[in-house]
Chemist: 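Pasting a structure below so you can have a look.
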2 protein chains.
Amino acid sequence: MSDESTRDQIVNAADRLFYERGFEHTSFADIADVVGISRGNFYHHFKSKDEILNAVIEMRLAATREMLAGWEFDHPEPDERIRRFIDILSANRAPIMRHGCPVGSLCSELGRLGHPSRHEAAGLFGLFRTWLAREFVRLGRARDADRLALHLIGRSQGVAVMANAFGDEKFIRREVRALHAWLARCSQEQEKHS
Amino acid sequence: MSDESTRDQIVNAADRLFYERGFEHTSFADIADVVGISRGNFYHHFKSKDEILNAVIEMRLAATREMLAGWEFDHPEPDERIRRFIDILSANRAPIMRHGCPVGSLCSELGRLGHPSRHEAAGLFGLFRTWLAREFVRLGRARDADRLALHLIGRSQGVAVMANAFGDEKFIRREVRALHAWLARCSQEQEKHS
DNA sequence: GTCTATACTGAGATAGAC
DNA sequence: GTCTATCTCAGTATAGAC
């Protein structure tokens with residue numbers, strides 16, 4: 001960790017702070033403080049704040065791809081894989097209650113700012129969408145796979161927004177259970193048809 | 001409209017700009033430009049930006065209460081009233097795709113800023129929650145009325161976040177249909193039990 | 001590659017004239 | 001009640017020494 005390049009340290013710190021405080025509300029001074037470098041040193045690594053944002057999005061995209069590959073490695077069955085997606089909500093319930101979903105809040109913020117990188121940020125949703133849709137196809141739901149993927153991501157986003165607004169842990173658990181039940185119904189409908 | 005008090009004009013302009021650009025990203029200059037007054041004049045009406053925010057939240061709370069009262073006046077049956085809530089998503093699909101849900105995005109932003117008024121903003125959700133729960137009770141679902149209310153608001157929030165991120169109008173229509181179907185099932189389960 | 005010092009900007013806020 | 005002028009401060013960004 002300590003021999004991590006300064007550039008990587010900056011990106012990691014920015015990643016965390018953008019999540020906790022939002023992109024606009026995070027200043028260079030904040031990031032510099034966390035990393036323990038001077039403000040000036042900064043511009044040796046990134047020419048502007050937008051460049052740091054792009055680096056953070058790139059890193060998140062890479063991390064997400066890696067996570068999805070890990071799920072594929074761990075579970076051969078599509079429903080088990082999709083369950084992993086749903087369980088993000090339980091596994092990260094503490095940070096979600098405090099700061100919401102990192103993807104959802106970044107997309108909302110950049111959208112409102114009309115920021116040029118908003119489409120890249122939405123690509124994080126796109127990654128999950130494509131991956132989930134493929135698993136729903138494998139589940140025998142080829143005809144409405146993309147619809148189901150979007151529905152599931154949307155449900156998760158709703159849970160994150162509400163958990164953040166109300167700080168209600170029981171609500172998360174309840175909704176996660178409901179989503180697992182929903183997924184079970186998806187699988188059964190597939191089996192009925194085949 | 002033109003003989004509206006300057007104070008009201010400020011609150012209305014702030015309300016719109018906070019929705020479109022977010023609270024932090026809206027400056028006094030922005031609001032002053034819209035209203036057509038000088039920056040200085042501002043402090044005659046509000047001592048700080050936070051005071052404007054509080055006035056905006058108060059106004060939204062009052063407007064929401066009025067809207068809910070209107071729904072109660074228009075429809076005697078609880079399921080018809082709840083349908084009105086779901087239909088907000090269709091009725092406001094254009095601004096939702098552009099800016100998200102005004103309640104959800106304000107709560108998320110104030111939460112991230114750790115702003116003192118974040119709980120007041122969450123009160124907007126609370127208003128819908130209480131109102132919906134009461135209608136679910138009237139629908140014969142006294143035991144899980146609050147659970148259903150939270151679930152419905154959460155679903156709506158998810159739709160808003162996704163519609164905003166992807167700008168997908170078909171998605172909104174599809175989810176609205178799904179929510180109406182869900183509500184119909186809620187009513188049927190009640191009828192079965194009674 | 002890292003630092004200090006500093007320029008420049010925009011935003012919140014105040015004072016005081018009209 | 002509205003204006004102009006101005007203050008202060010934080011944030012982005014640059015220059016140049018080490």
Side-chain angles (χ1 to χ4, degrees), chain A residues 1-57 105-106 109-110 112-118 120-121, chain B residues 1-57 105-106 109-110 112-118 120-121:
Chain A
M1 274 304 224
S2 63
D3 55 349
E4 206 179 15
S5 77
T6 304
R7 196 197 133 95
D8 287 347
Q9 285 186 56
I10 292 174
V11 176
N12 284 327
D15 178 45
R16 211 192 74 208
L17 290 171
F18 287 175
Y19 176 39
E20 292 176 0
R21 312 185 189 181
F23 169 68
E24 228 193 347
H25 195 59
T26 300
S27 72
F28 280 20
D30 294 332
I31 304 174
D33 279 355
V34 170
V35 179
I37 57 169
S38 72
R39 249 153 291 181
N41 187 1
F42 232 101
Y43 288 85
H44 177 72
H45 299 279
F46 297 95
K47 278 197 276 293
S48 72
K49 200 178 176 184
D50 289 354
E51 267 195 18
I52 301 178
L53 174 62
N54 286 331
V56 167
I57 295 175
S105 49
L106 185 65
E109 182 175 6
L110 297 185
R112 249 188 349 219
L113 300 180
H115 194 286
S117 296
R118 63 189 184 279
E120 279 68 37
Chain B
M1 277 297 227
S2 63
D3 56 348
E4 207 180 14
S5 76
T6 303
R7 196 197 133 95
D8 287 347
Q9 283 186 57
I10 292 174
V11 176
N12 284 327
D15 177 46
R16 210 192 74 209
L17 289 171
F18 287 174
Y19 176 38
E20 292 176 359
R21 311 184 188 181
F23 169 67
E24 227 192 348
H25 195 59
T26 300
S27 72
F28 280 21
D30 293 333
I31 304 174
D33 280 355
V34 169
V35 179
I37 58 170
S38 72
R39 250 153 290 180
N41 186 1
F42 233 99
Y43 289 84
H44 177 70
H45 300 279
F46 297 96
K47 277 198 276 293
S48 71
K49 199 180 176 184
D50 288 353
E51 267 195 18
I52 301 179
L53 174 63
N54 286 330
V56 167
I57 295 175
S105 49
L106 185 66
E109 182 176 6
L110 297 185
R112 251 189 348 220
L113 299 180
H115 194 284
S117 296
R118 62 188 184 281
E120 279 69 37

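To find a chain, count down the sequence lines: A is the first, B the second, and so on, and within it residues start at 1. Not measured: the values here are computed from a predicted model. Computation of the quantities below employed the complete heavy-atom set of this structure, encompassing side-chain atoms and omitting hydrogens, waters and symmetry-equivalent molecules.
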Chemist: Is any side-chain nitrogen or oxygen of A/Tyr43 closer than 4.0 Å to OP1 or OP2 of D/dA13?
Modeler: yes
Chemist: Select base, sugar-phosphate, or nothing to describe what B/Ser38 touches, counting heavy atoms under 4.0 Å on all strands.
Modeler: base
Chemist: Cation-pi between B/Lys49 and B/Phe42: NZ/CZ under 6.0 Å from ring centre and within 45° of the ring axis?
Modeler: no
Chemist: May I ask you to evaluate whether A/His45 reaches the phosphate of C/dT2, defined as a side-chain N or O under 4.0 Å from OP1 or OP2?
Modeler: yes
Chemist: For D/dT2, does either OP1 or OP2 sit under 4.0 Å from a side-chain N or O belonging to B/Thr6?
Modeler: yes
Chemist: Apply side-chain contact (heavy atoms from CB on, under 4.5 Å) to residues B/Asp50 and B/Phe23 and explain how you reach the verdict.
Modeler: CA-CA 10 Å; B/Asp50 288 353; B/Phe23 169 67; 3.8 Å; yes
Chemist: Is any side-chain heavy atom of A/Thr26 closer than 4.5 Å to one of A/Glu20?
Modeler: no
Chemist: Please report, rounded to the nearest Å, how far the P atom of C/dG10 is from the CD atom of B/Glu24.
Modeler: 17 Å
Chemist: Describe the nucleic acid contact of A/Phe28 in one word from base, sugar-phosphate, nothing, applying a heavy-atom distance below 4.0 Å.
Modeler: sugar-phosphate
Chemist: Give the rounded distance in Å between these two atoms: CZ of A/Phe42 and P of C/dT6.
Modeler: 21 Å
Chemist: Check the distance between C/dG10's P and B/Arg21's CZ and give it to me in whole angstrom.
Modeler: 15 Å
Chemist: B/Arg39 CZ to D/dA5 P: how many Å, rounded?
Modeler: 11 Å
Chemist: Within this structure, what is the CD1-to-P distance between A/Ile31 and D/dA13, rounded to whole angstrom?
Modeler: 11 Å
Chemist: Measure from the side-chain heavy atoms of B/Ser27 and tell me the nearest of C/dA11, C/dA13, D/dG11.
Modeler: C/dA11
Chemist: Tell me which of A/Lys47 and A/Asp30 sits closer to the 5' end of DNA chain D, going by the nucleotide each one is nearest to.
Modeler: A/Asp30
Chemist: Starting at atom NZ of A/Lys49, determine the distance to atom C1' of C/dC8, rounded to an integer number of angstrom.
Modeler: 17 Å
Chemist: Which one, D/dC3, D/dT2, D/dA13, comes nearest to the side chain of B/His44?
Modeler: D/dT2
Chemist: Mind calculating the distance between CG (A/Asp50) and P (D/dG11) to the nearest angstrom?
Modeler: 17 Å
Chemist: Using whole Å, what does the distance between atom P of nucleotide D/dA10 and atom NE2 of A/His25 come to?
Modeler: 13 Å
Chemist: Hey, does A/Leu106 have a side-chain heavy atom less than 4.5 Å from the side chain of A/Leu53?
Modeler: yes
Chemist: Does D/dC3 have its OP1 or OP2 closer than 4.0 Å to a side-chain nitrogen or oxygen of B/Asn41?
Modeler: yes
Chemist: Roughly how far, to the nearest 0.5 Å, is NE2 of B/His25 from CG of B/Asp30?
Modeler: 7.5 Å
